[in-house]
Q: 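Handing you this structure, nothing more for now.
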Amino acid sequence: MQFQSLPGFREFYPDACARRNHIFGQWKQVARAFNFQEYDAPVLEPLELYIEKSGEEIVGQLFNFEDRGGRSVALRPEMTPSLARLIGAKANSLKRPIKWFNIGEHYRYEKPQKGRLRAFYQFNVDIFGEAGPGADAELIALLVQALRAFGLDSKDFKVRLSDRDLWLLMLAAEGLDEAGSATVLGIIDKLERTDRVKAVEKLAEVLGDEADAFLSRVEKVIAIRDFDTLSAYILNLPLEGDLAEQAKKRLDDWSALLRGINSSGAGDFIQIDLGIVRGLAYYTGFVFEAFEASGEGRALAGGGRYDALVKKLGGPEMPAVGFAMGDVTLEDLLESKKLLTTYIENPDFIAIIGGAEARDAAMGDAALLRSMGYRLDYPLKDQGFGKQFKDANQKGARFALIYGTDEIEKGVVKIRDFSTGAEQEFPRQDLAEIAPELMISGLSVTEG
RNA sequence: GUGGCUAUAGCUCAGUUGGUUAGAGCACCGGCUUGUGGUGCCGGGGGUCGCGGGUUCGAAUCCCGUUAGCCACCCCA
C-alpha cells in the first residue's frame, strides 16, 4: 500500500527543514530583540471559539470534527482567538504593555494553490494593553525588521498602511450609518480585484444613484500616497462637532505613528494606501499589509488594531494590535530573490577508522568531543581509508581524526585539516585541550 | 466549491505514425589493496509509465473515469 501526504500538507526533508528553521530563527531573533515573549497555545480548540469570532461561515474552511467525547473541535486556523483567551483570562495580572509572539502551525481546509496550503506556519506578534499609536509603531517596526532580517530591502517589499477609523469618519461624512459603512468597507476592500461597473452596482444597493460619484471620491482617497494630502483631504470633509474633533485627533495619531515609524528607520518601507481595509470586521483602527514591492503575489503579512476582540471573546476591555506572517509566501519570495541558501551544518570532525581497536579508541574520543558540543561523525561500519576520506569530504567535515594501527600503537591521533591539507599527530589524552584551539586556528601546512 | 493544464526512476526529463525486455543525466549503493580528498574509471539497485476501466492482435502513447499536483476564480482570519 502506497501512502502519500494529505493535500496541502508538507513533508520537510532535512534541507527543507533547515530552510524552515532558518526562517523561524530569524523571526524569533527579531521578536526577542524587540523584547517580545514567546507563548504557545493548543493546536486543537473548541469549534465555538472560531464561530464566536468569525461567524458560522468559517466552519466550511476549518479542519473540524467531533471528538470521542462528543465535543465539536477544530484545528486552529489562526492564533488570535486562543491568544485573546489567554490574555483575557489573566488580563488583570499581566504587566502592560503585553508584548507576545508565537510561531506555530495552522490549518485551513482550503484548496491549495500558490502561496496557500492547508498546513502552514505563522509568526504571530501582538501587543495588548496600549491603545496609543506607539504600540502600532512598535509592531510595524518589528514587522519591517522581521522581513529585513532575511536580506529583503525597500525595493523588495512595502508595508501598505491604512486606517479603518479614518474610513468610518469619511463614510460618516457621506451620511452612512454603521451598518452601511460595514457593507461599503467590504466593497472597498475588494475594489482592487473587482471591475468598476460591478463595484458601482454593489455600492448602489446602499447608496442608490450616488454610487458612481461616491466611488470616484473613494478612488481619489485610495490614490493618496502622502500624509499631507491625506490630512488636507480629511480636514476638508463636511464633518461637524464631535466628528470634526475625532478627525483632528485621528490625524494626530497618524502623525505620531508615522513619526515613530520614521524614527525607527522603517519609513522607507511604508506606503500610505487607504485601499487596504482588510475584510475582517473586528479590525478597529490602523490596518496594514506587507506586500512584495511589485504588488505581485499574496500578502506577506497582515495585521492591525483589534481593540474590541478580547472583550467579545469573554475578556475585559483590552486594546490590542497584532500581525501575522506566513511562512509559505515568505519562502516563495525569498526563493525568488535567491535569499535562501543551504543551511545544512557540516561536522567539525569525522573520524577515520582503521580497524576494531581503532574503532574503540575513536568512539571513546568521539564521546568526549561530542560531550563538549562538537559535531562529530564516523563511519558506522568498517571501510577502506580511501572511501572514508571521500565521505568525510562530501560531508564537508573540517577535520579528520585519523585512527590507524600506527596511531593506536603510539597513543596518538593524527588530525588533518581539510582546508589546508596539513596534518599533525597529538597525544589522544590532549584532545580535549587541543580541540578548542583547532576550531579557532586550524592547522597550517608549516606545522605539518 | 468551480474551471483550465499536467502526471514516465528519489530529482530533471527523453520515449518516433500505437509495435520486442521503457531510456539518459544527476542522486544513491558497491568496487578500483584497510593510509589520504568534492574529480576519474567500472559495476549495481531502483519504474506493473499516478490509479481504475475501455478500444486494439498489441497501449507509456488513443478514449472515459478517478486521484494528486500546478494555475486561476471564490475565499483569504
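Each chain gets a letter, A, B and so on, in the order its sequence line appears, and its residues count up from 1. Every heavy atom of this structure was used, including side-chain atoms; hydrogens, water molecules and symmetry mates were not.
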Q: Counting any heavy atom closer than 4.0 Å, what does A:Glu57 reach on the DNA or RNA strands: base, sugar-phosphate only, or nothing?
A: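 A:Glu57: no heavy atom of the nucleic acid under 4.0 Å.
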Q: What does A:Gly304 touch in the nucleic acid at a heavy-atom separation under 4.0 angstrom: a base, only the sugar-phosphate, or nothing?
A: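 No contact at all - A:Gly304 keeps every heavy atom at 4.0 Å or more from the nucleic acid.
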Q: Does NZ or CZ of A:Arg20 lie under 6.0 Å from the centre of the six-membered ring of A:Phe12, at an angle within 45° of the ring axis?
A: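 Yes, cation above the ring, under 6.0 Å and within 45°.
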Q: Nearest to the A:Pro7 side chain among B:G69, B:U36, B:A72, which nucleotide is it?
A: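 Out of B:G69, B:U36, B:A72, the nucleotide with an atom closest to A:Pro7's side chain is B:G69.
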Q: Taking the nucleotide of RNA chain B with the nearest heavy atom to each, does A:Asp417 or A:Asp382 sit closer to the 5' end?
A: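 The residue whose closest nucleotide sits nearer the 5' end is A:Asp382.
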Q: Where do N or O atoms of nucleotides 39-44 of chain B meet protein N or O atoms at under 3.5 Å, pair by pair?
A:
unit_1: B:U39; atom_1: OP2; unit_2: A:Gln394; atom_2: NE2; d: 3.2
unit_1: B:G40; atom_1: O6; unit_2: A:Lys390; atom_2: NZ; d: 3.0

Q: Looking for any heavy atom pair under 4.0 Å, which part of the strands does A:Tyr50 touch: base, sugar-phosphate only, or nothing?
A: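 The residue A:Tyr50 makes no contact with any strand.
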Q: Measuring to OP1 and OP2 of B:G30, would you say a side-chain N or O of A:Lys387 lies under 4.0 angstrom away?
A: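 Yes.
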Q: Any base atoms under 4.0 Å from A:Gly421, or only sugar-phosphate, or nothing? Heavy atoms, all strands.
A: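 Base, at least one base atom sits under 4.0 Å.
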Q: Hey, which of these two, A:Gly386 or A:Tyr109, hits RNA chain B nearer its 5' end, going by closest nucleotide?
A: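 The residue whose closest nucleotide sits nearer the 5' end is A:Tyr109.
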Q: According to a 3.5 Å limit on both distances, what stems of 3 or more consecutive Watson-Crick or G-U pairs are formed with RNA chain B?
A: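 Counting only runs of 3 or more consecutive pairs, the stems involving RNA chain B are B:1-7 with B:67-73, B:10-13 with B:23-26, B:28-32 with B:40-44, B:50-54 with B:62-66.
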Q: Under the ring pair (Phe, Tyr, Trp, His ring centres under 6.0 Å) test, which residues partner A:Phe128, sequence neighbours left out?
A: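 So A:Phe128 forms no ring pair (Phe, Tyr, Trp, His ring centres under 6.0 Å) with any residue.
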Q: Which word best sums up how the rings of A:His106 and A:Phe120 line up, parallel for under 30°, tilted for 30 to 60°, or perpendicular for over 60°?
A: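 Answer is parallel, since the angle falls under 30°.
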Q: Closest approach to the side chain of A:Gln383, judged atom by atom: which nucleotide of B:G30, B:G37, B:C76 is it?
A: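 The answer is B:G30.
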Q: Have a look at A:Lys395 and say if it touches a base, only the backbone sugar-phosphate, or nothing, with a 4.0 Å heavy-atom cut-off.
A: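 Counting heavy atoms under 4.0 Å across all strands, no contact is made by A:Lys395.
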Q: Is there a stack between A:Phe385 and B:G35, judged by ring centres under 5.5 Å and planes under 30°?
A: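 It does: the ring sits over the base of B:G35.
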Q: Just call it for A:Gln388: base, sugar-phosphate, or nothing, with non-hydrogen atoms closer than 4.0 Å on any strand.
A: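 It contacts nothing in the nucleic acid.
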Q: Which nucleotide in the set B:A72, B:G30, B:C74 lies at the smallest distance from any side-chain heavy atom of A:Arg116?
A: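 Of the candidates, B:C74 comes closest.
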Q: Within residues 77-85 of chain A, find the residues that approach RNA chain B with a heavy atom at under 4.0 Å, and present them sorted by residue number.
A: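 Within this stretch, A:Pro77, A:Glu78 sit under 4.0 Å of the strand.
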Q: Fit a plane to each ring of A:Phe418 and A:Phe389, take the angle between them on a 0 to 90° scale, and name the class: parallel (under 30°), tilted (30 to 60°) or perpendicular (over 60°).
A: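 Correct class here is perpendicular.
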Q: Can you identify which nucleotide, out of B:G37, B:C70, B:C71, has its nearest atom closest to the A:Pro112 side chain?
A: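 For A:Pro112, the side-chain atoms sit closest to B:C70.
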Q: Could you work out the separation of B:U12 and B:C57 based on their P atoms and round it to a whole Å?
A: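 Result for the P pair: 38 Å, nearest Å.
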Q: Any donor-acceptor pair, under 3.5 Å, between the side chain of A:Arg108 and the base of B:C76, if you only look at N and O atoms?
A: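 Under the 3.5 Å cut-off, the side chain and the base do not form any donor-acceptor pair.
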Q: Does A:Trp27 have its ring centroid less than 6.0 Å away from the ring centroid of A:Phe101?
A: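 When the ring centroids of A:Trp27 and A:Phe101 are compared, they turn out to be at least 6.0 Å apart.
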Q: Just call it for A:Ile58: base, sugar-phosphate, or nothing, with non-hydrogen atoms closer than 4.0 Å on any strand.
A: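 Base: the residue A:Ile58, judged by heavy atoms under 4.0 Å, touches a nucleobase.
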Q: What is the nucleic acid contact for A:Arg193, judged by heavy atoms within less than 4.0 Å: base, sugar-phosphate only, or nothing?
A: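 Base contact.
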Q: Counting only side-chain N and O atoms of A:Lys381, is one of them less than 4.0 Å from OP1 or OP2 of B:G30?
A: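 Indeed, a polar side-chain atom of A:Lys381 lies that close.
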Q: Mind running a 4.0 Å heavy-atom check of residues 401-408 of chain A against RNA chain B and sending the residues that fall below it, in number order?
A: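 Under 4.0 Å from RNA chain B: A:Ile402, A:Gly404, A:Thr405, A:Asp406, A:Glu407.
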Q: Summarise how protein sits on nucleotides 5-10 of chain B as a single string, 5' to 3': B when a protein heavy atom is under 4.0 Å from the base, S for sugar-phosphate-only contact, - for no contact.
A: ------
Q: Name the nucleic acid region contacted by A:Lys414, choosing base, sugar-phosphate or nothing; use a 4.0 angstrom heavy-atom cut-off, strictly under.
A: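 It contacts base atoms.
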